Amino acid sequence: MKNPRILSHFQESAELKMISAEVLADPIEQAIELMFTALSNGNKILACGNGGSAADCQHFAAELVGRFERERLPLPALALTTDTSIMTAVANDYSFQEVFSKQVQAFGQAGDILLAITTSGNSQGVLNAVDAALERDMRVIALTGKGGGEMRHKLTEADVHICVPHDRTARIQEVHLLTIHCMCDGIDAALFGGDSDE
Ligand SMILES: O=C(CO)[C@@H](O)[C@H](O)[C@H](O)[C@H](O)COP(=O)(O)O
Ligand SMILES: [Zn+2]
């Protein structure tokens with residue numbers, strides 16, 4: 001007899017992925033177009049989030065600077081979740097809620113993209129980073145869940161909101177990671193066309 005708790009996680013995650021494919025395919029495609037345009041114009045992508053979403057930011061940046069499934073030149077993506085000196089200095093001297101927004105103010109330029117990941121849509125540090133991005137004419141791609149939270153009220157028509165239709169953080173994150181892989185694949189397909197080298 002298989003462990004029912006383990007089976008339940010897989011079942012719930014698989015069902016949510018199928019529902020999300022229908023609901024999120026269009027905004028994911030819009031996000032890919034936004035990213036490809038920015039990268040083609042010589043702009044970069046900054047990424048921020050907390051906890052598991054910080055890991056997703058680093059995962060995304062690694063697949064752009066390194067590679068996803070195809071050999072190509074490095075693409076400019078930066079996770080704002082890795083420099084402990086910056087983060088502890090800003091948290092200590094100002095507030096933890098500014099650790100991402102100050103980095104957006106330091107590194108972000110018009111035309112760059114902020115990938116803002118928050119499963120609740122309510123993490124203040126991520127919301128503050130969105131404000132900083134919009135103030136300097138960057139575009140925002142937000143990955144959320146739980147109805148989108150406060151993030152819903154931050155974005156403009158020119159931004160993209162990918163909101164996973166679920167209330168459980170772990171399930172939302174599992175769809176966020178699949179979304180990130182769709183983005184990486186979509187960027188490579190736009191650059192090279194066709195299928196991966198695999
Ligand atoms: O990964 C998990 C839960 O699966 C946690 O580490 C989770 O990321 C943290 O609780 C975050 O602080 C949640 O923040 P957010 O996704 O609501 O912005
Ligand atoms: Zn997690």
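Note that these values count all heavy atoms, side chains included, but never hydrogens, waters or copies made by symmetry. Counting starts at 1 for both ligands and their atoms, following the listed order. Everything numeric here is computed off the predicted structure, so don't read it as measured data.
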To check your reading of the model: name the closest protein heavy atom to atom 14 (O) of ligand 1, its residue, and the distance in Å. Ser123 OG, 3.6 Å
Closest heavy-atom pair, Cys182 versus Ile28, reported as atoms and distance to 0.1 Å, is CB-CG2, 4.0 Å
Could you walk me through whether Arg139 and Asp159 pass the salt bridge (charged side-chain N to carboxylate O under 4.0 Å, His left out) test, one step at a time? CA-CA 6 Å; Arg139 294 278 60 84; Asp159 304 314; 3.0 Å; yes
Any protein heavy atom under 4.0 Å from atom 10 (O) of ligand 1? no
Is there an N/O/S atom in Thr169 at a distance below 2.8 Å from the Zn ion (ligand 2)? no
Please check if the number of heavy atoms outside Arg72 that lie under 6.0 Å from its CZ is greater than 12. yes
Hey, does Thr169 come in under 3.5 Å of ligand 1, counting only N/O atoms on both sides? no
Geometry only, no angles: is Ala170 polar-contacting ligand 1 at N/O separations under 3.5 Å? no
among protein heavy atoms, the one nearest atom 5 (C) of ligand 1 is Gly52 N, 4.1 Å
Can you get from Leu34 to Ile117 by hopping between Ile, Leu, Val, Met, Phe, Trp and Tyr side chains that sit under 4.5 Å apart? yes
Under 4.0 Å from a heavy atom of Thr118: which atoms of ligand 1 are those, numbered in the order shown and with their elements? 15 (P), 16 (O), 17 (O), 18 (O)
Carefully, step by step, assess Arg70 and Asp188 under the rule salt bridge (charged side-chain N to carboxylate O under 4.0 Å, His left out). CA-CA 7 Å; Arg70 304 182 70 149; Asp188 280 359; 5.4 Å; no
Closest protein heavy atom (residue, atom, distance) for atom 12 (O) of ligand 1: Asn50 CB, 4.0 Å
Any donor and acceptor pair, going by atom type alone, linking the side chain of Arg171 with main-chain N or O of Arg168 inside 3.5 Å? no
Which residue owns the protein heavy atom closest to atom 17 (O) of ligand 1, what's the atom, and how far is it? Ser120 OG, 2.7 Å
If we number the atoms of ligand 1 from 1 as shown, the ones under 4.0 Å from a heavy atom of Thr119 are 15 (P), 16 (O), 17 (O), 18 (O)
Report, in ascending order of atom number, the atoms of ligand 1 lying under 4.0 Å from any heavy atom of Gln173. 1 (O), 2 (C), 3 (C), 4 (O), 7 (C), 8 (O)
Nearest-0.5 Å distance, NE2 of residue His176 to CG of residue Leu24: 8.5 Å
